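Since the structure comes first, as structure tokens, the remarks are kept for the end.
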Amino acid sequence: MTLYEKYPLTITNSLSGKKERFEPLTPGFVGMYVCGPTVYNFVHLGNARTFLTFDTVSRYLRFLGYRVRYVRNITDVGHLESDADEGEDKIAKKARLEQLEPMEIVKRYTEDFHNVMRVFNILPPSIEPTATGHIVEQIRITQELINKGLAYDVNGSVYFDVKKYNATHNNSYGILSGRNIEELMESGRDLDSQEEKRDRRDFALWKKAAPQHIMRWPSPWGEGFPGWHIECTVMSTKYLGETFDIHGGGMDLKFPHHECEIAQATGANGKPPVRYWIHSNMLTVNGQKMSKSLGNSFLPSELFTGSHKLLDKGYSPMTVRFFMLQSHYSSTLDFSNEALQAAEKGYKKLNASLRTIKALSSAGGETGDTEIDKALISLVDECYSNMSDDFNTAKTLAVLFEMSSRINDMKSGNLPLKSVSAGVFETFKSAYIDFMEKVLGLEEESVQDNNLLDGTIQVLISLRKKARADKNFALSDKIRDDLKAIGVQLKDGKDGEITYSVE
RNA sequence: GGUUCCGUGGCCGAGUGGCUAGGCAGAGCUCUGCAAAAGCUCCUACAGCGGUUCGAAUCCGCUCGGAACCUCCA
């Protein structure tokens, strides 16, 4: 029996709004697509939250034994700047402002994005396709939609005919976002650039490039560039098939982006593209969505160094990761100094136990105390069932805190290792390590890797031991206090052993 | 204006018809040369008002407050 059979996964599907049992299209294999960043600027913390969410999803799917193909794109062209008449491209605009080639912009911010992913321990996807690398496919599907009568070209631009699609597909435009097409009509504001379109709800598949537009490709309709939504349809179906298992992205992409993806793909391929939609919620600051345009966004570097004006101090990447995992991905999460401080302490606690359990080994009784064995096993079980319950990292962390206490008990002797059977101990130990490191990605942060520093501290520790044995408390306290002052916390064990942690 | 969501103890944040969330902060105790760490104990909330129910923080209605989307946005 595989882990995914033992702990069947449920996912809140945005399409139905309900928690559903997850059954992949092909047993044992999962195809997942996530909308990646538009690389025209530094990624901020809000962006990072979304990628962290799907990092957790892909990690857990793999941990359960699924073989996962995870596709996350890089949008390096195509997002239209507001509703400007020219349909100005964000990357092209930025390039002009900075007097750079568009691809220089793309390169710079892609690298930044990758660096941010790395420091947060967000694993790379299986495939990371770019929009500019799939122009041909985007032209092809646009042509196909024209052939099927679901798109039309006007003056070198091509638009998707939403009304026609809706009429020919069971009024299904809006199934994801819960909008209905009449309301969209009435509520839409006057966009003065829309006279080309037959209907204000139509959206661009291909845009004609204005003479000054620098990112442009030849097409059957003249020189231009692809619309925003079409790239994701092309790249997801190319690598995952016309119907695939999971599509993820930020809540703010639900409409219109994902709604349009469904319409295009269904129109072109005759079947719905996605079986489970997952939307991660926003990171907020004082209750408001963190976004570049609102000016309340944090850069990861500002967070690590504490240079942002709202922060009292810097926080490590793992502290931030822990902080985000403490809430469910579908809830908004409010970002504040106080919350981060609490997270820092909580994370340190889990991290300390991680180090402790790694150093512990079973005292090896065949017959342990059955009650204790049962309690430990049930904690392990809860880790799985909580994660399988719609990736509930918050509940899983609560269990890990419980496990952390038991680990400390083992260390102090409150819970004698002899009373735990060998098999149970190993299961418990590897579960704690795996859920921390593999599933939640909370890698140990320590200086233990740094031999020179660790060795130096060990020398000081042995000096303190000697001083204490000699009852030279003035010296032993000085060693402890001076180390504390530079951020190294010594911890005296009952047995006289001394361990340390770094602030 | 339309659509949707949320309002949990000092703070953050899970949960969701009857069963302890958890973390941080605070109080007490144990351990300790003194501390720290750790362990134990305490602090028991669900915006307001009605209703449904044997029973509601959880379902329904209203009121108040906040947010997201409807336009580029993770």
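Please read all numbers here as calculations on a predicted model, not as lab measurements. We name chains A, B, ... by the order of the sequence lines, and we start the count at 1 in each one.
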- How long is the line joining CG of Asn281(A) and P of U4(B), in whole Å? 16 Å
- Message: Between P on C72(B) and CD1 on Ile91(A), what's the gap in Å once rounded to a whole number?
- Response: 15 Å
- Item | Touch class at under 4.0 angstrom, heavy-atom based, for Met282(A) against every strand present | base
- G39(B) pairs with, by Watson-Crick or G-U criteria that keep both distances under 3.5 Å: C29(B)
- Derivation and outcome, side chain to side chain contact (heavy atoms under 4.5 Å, CB included), residues Tyr329(A) and Thr12(A): CA-CA 11 Å; Tyr329(A) 73 84; Thr12(A) 299; 4.2 Å; yes
- Item | Counter-base of A57(B), judged by Watson-Crick or G-U geometry with both distances under 3.5 Å | none
- Go through G39(B), G13(B), U16(B) for me and flag the one nearest to the Lys349(A) side chain. G39(B)
- Item | C1' spacing across the pair G22(B) / G61(B), given as an integer number of angstrom | 34 Å
- Query: For RNA chain B, what residues of residues 386-405 of chain A have any heavy atom nearer than 4.0 Å?
  - Reply: Asn392(A), Ala394(A), Lys395(A), Ala398(A), Phe401(A), Ser405(A)
- Sticking with atom P, work out how far G18(B) lies from C12(B), rounded to a whole angstrom. 26 Å
- What nucleic acid atoms does Leu333(A) come within less than 4.0 Å of, heavy atoms only: base, sugar-phosphate, or nothing? sugar-phosphate
- Task: Report the relative orientation of the aromatic rings in Tyr173(A) and Phe203(A); use parallel for angles under 30°, tilted for 30 to 60°, perpendicular for over 60°.
- Result: parallel
- Message: When the P atoms of A47(B) and G39(B) are compared, how many Å lie between them, rounded to an integer?
- Response: 32 Å
- Task: Decide whether Asp390(A) and Thr10(A) meet the rule of one side-chain donor and one side-chain acceptor closer than 3.5 Å.
- Result: no
- Item | Between A14(B) and U44(B) - C1' atom distance, rounded Å | 16 Å
- Query: Considering every strand shown, what is the Watson-Crick or G-U wobble mate of G22(B) when both distances are under 3.5 Å?
  - Reply: C12(B)
- Is Arg406(A) paired with Asp409(A) through a side-chain N to carboxylate O contact shorter than 4.0 Å? yes
- Considering only atom C1', compute the distance from A68(B) to G55(B) and round it to an integer number of Å. 35 Å
- Comparing Met290(A) with Thr284(A), nearest RNA chain B nucleotide closer to 5' gives the residue Thr284(A)
- Task: Run the numbers on Asp454(A) and Tyr500(A) for side chain to side chain donor-acceptor pair (under 3.5 Å), then give the verdict.
- Result: CA-CA 10 Å; Asp454(A) 182 53; Tyr500(A) 70 92; 2.4 Å; yes
- Query: What does Gly287(A) touch in the nucleic acid at a heavy-atom separation under 4.0 angstrom: a base, only the sugar-phosphate, or nothing?
  - Reply: sugar-phosphate
- Query: Nearest 0.5 Å, what's the CD-OH distance between Glu128(A) and Tyr70(A)?
  - Reply: 9.0 Å
- Task: Please answer whether A74(B) and Phe51(A) are stacked, defined here as ring centres separated by less than 5.5 Å and planes angled under 30°.
- Result: no
- Task: Return the value, rounded to whole Å, for the distance between atom CD1 of Ile461(A) and atom C1' of A37(B).
- Result: 13 Å
- Message: Of the listed nucleotides (A74(B), C69(B), A36(B)), which one gets closest to any side-chain atom of Phe255(A)?
- Response: C69(B)
- Item | Nucleotide nearest Ser327(A) when distance is taken to its side chain, options C12(B), C34(B), A14(B) | A14(B)
- Per atom distances to the Phe323(A) side chain, the nearest of G39(B), A14(B), C12(B) is C12(B)
- Task: Please work out if Ser331(A) contacts a base, only the sugar-phosphate, or nothing of the nucleic acid, heavy-atom cut-off 4.0 Å.
- Result: sugar-phosphate
- Message: Determine whether a donor-acceptor pair (one donor, one acceptor, N or O, separation below 3.5 Å) exists between the side chain of Arg480(A) and the base of A36(B).
- Response: no
- Query: Among G33(B), G22(B), G13(B), which nucleotide sits nearest the side chain of Asp334(A)?
  - Reply: G13(B)
- Classify the nucleic acid contact of Gln489(A) as base, sugar-phosphate or nothing, counting any heavy atom under 4.0 Å across all strands shown. sugar-phosphate
- Phosphate OP1/OP2 of C31(B) contacted by Ser412(A) side-chain N/O (<4.0 Å): no
- Query: Between Glu437(A) and Lys358(A), does at least one N-O distance fall below 4.0 Å, as a salt bridge requires?
  - Reply: yes
- Say whether Asn386(A) and Asn392(A), considering side chains only, have a donor N or O and an acceptor N or O under 3.5 Å apart. no
- Considering only side-chain heavy atoms of Asp492(A), which listed nucleotide, A35(B), G23(B), A14(B), is closest? A35(B)
- Query: If you round to the nearest 0.5 Å, how far is CD1 of Ile175(A) from CH2 of Trp277(A)?
  - Reply: 9.5 Å
- Query: Donor-acceptor pair under 3.5 Å: do we get one between Asn408(A)'s side chain and the base of A37(B)?
  - Reply: no
- Query: Who is the Watson-Crick or G-U wobble partner of C69(B), with both distances under 3.5 Å?
  - Reply: G2(B)
- Task: Output yes when at least one side-chain N/O atom of Lys289(A) is less than 4.0 Å from OP1 or OP2 of A74(B), else no.
- Result: no
- Query: If you measure from the P atom in U58(B) to the same atom in G51(B), how many Å do you get, rounded?
  - Reply: 14 Å
- Query: Rounding to a whole Å, what distance do you find between Ile407(A):CD1 and A37(B):P?
  - Reply: 19 Å
- Whole-Å gap separating C1' (U32(B)) and CZ (Arg468(A)): 8 Å
- Where the side chain of Arg179(A) is defined as all heavy atoms beyond and including C-beta, which of A37(B), G2(B), A74(B) is the nearest nucleotide? G2(B)
- Considering only atom P, compute the distance from G48(B) to U8(B) and round it to an integer number of Å. 10 Å
- Is there a side-chain contact between Asp477(A) and Arg480(A), using heavy atoms and a 4.5 Å cut-off? yes
- Which part of the nucleic acid, if any, lies within reach of Arg406(A) when heavy atoms closer than 4.0 Å are counted: base, sugar-phosphate only, or nothing? sugar-phosphate
- Using whole Å, report how far CG of Leu325(A) lies from P of G13(B). 14 Å
- Message: Within this structure, what is the CZ-SG distance for the pair Phe255(A) and Cys260(A), rounded to the nearest 0.5 Å?
- Response: 6.5 Å
- Task: Could you tell me the separation between the CD atom of Glu497(A) and the P atom of U32(B), rounded to a whole number of Å?
- Result: 17 Å
- Just say parallel, tilted or perpendicular for the rings of His308(A) and Phe298(A), cut-offs at 30° and 60°. parallel
- Query: Looking only at atom P, what distance separates C60(B) and G28(B), rounded to whole Å?
  - Reply: 45 Å
- How long is the line joining CG of Leu475(A) and P of C34(B), in whole Å? 18 Å
- Query: Parallel, tilted or perpendicular: which fits the ring planes of Tyr384(A) and Tyr7(A), with parallel below 30° and perpendicular above 60°?
  - Reply: parallel
- Message: As a test of understanding, state which of Asp76(A), Val77(A), Ile91(A) forms a side chain to side chain contact (heavy atoms under 4.5 Å, CB included) with Pro102(A).
- Response: Ile91(A)
What N/O pairs connect the protein and nucleotides 43-48 of chain B at under 3.5 Å? Give each pair on its own line.
none

- Identity of whatever pairs with U52(B) - Watson-Crick or G-U, under 3.5 angstrom: none
- Task: Check whether any side-chain N or O of Lys411(A) sits under 4.0 Å from OP1 or OP2 of A38(B), and answer yes or no.
- Result: no
